[in-house]
Amino acid sequence: MARRVLIAQAVVVGGIALTLLAREFPGLVREVRIWRMVGVRAGSRRPR
């Protein structure tokens with residue numbers, strides 16, 4: 001019985017996490033692009 005409750009809770013939490021991830025995905029993609037551009041520019045500088 002307790003195992004079923006734990007599995008049900010894991011399914012609910014997983015569903016909520018997937019919903020939040022799907023909702024925030026476009027913003028996350030934009031952030032990753034920004035960080036890549038910043039990283040490329042910072043990496044191309046000459047070390048002192």
Side-chain angles (χ1 to χ4, degrees):
M1 183 69 181
R3 188 172 181 176
R4 283 186 180 177
V5 173
L6 286 174
I7 291 173
Q9 286 178 347
V11 168
V12 170
V13 170
I16 292 171
L18 281 175
T19 303
L20 287 173
L21 185 65
R23 183 178 281 181
E24 295 293 329
F25 193 71
L28 290 173
V29 170
R30 187 170 60 238
E31 290 288 333
V32 167
R33 286 181 181 167
I34 291 170
W35 281 109
R36 278 186 180 172
M37 285 191 297
V38 170
V40 168
R41 259 192 257 143
S44 64
R45 290 186 199 153
R46 302 173 93 191
R48 294 180 183 187

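- The shortest side-chain heavy-atom distance between Q9 and L6 falls under the 4.5 Å cut-off.
- Partners of L20 by side-chain contact (heavy atoms from CB on, under 4.5 Å), not counting sequence neighbours, listed by chain and number: I16.
- Nearest heavy-atom pair, P26 versus A22, reported as atom, atom and distance to 0.1 Å: CD-O, 4.1 Å.
- With values rounded to the nearest 0.5 angstrom, E31 atom CD is found 13.0 Å from R36 atom CZ.
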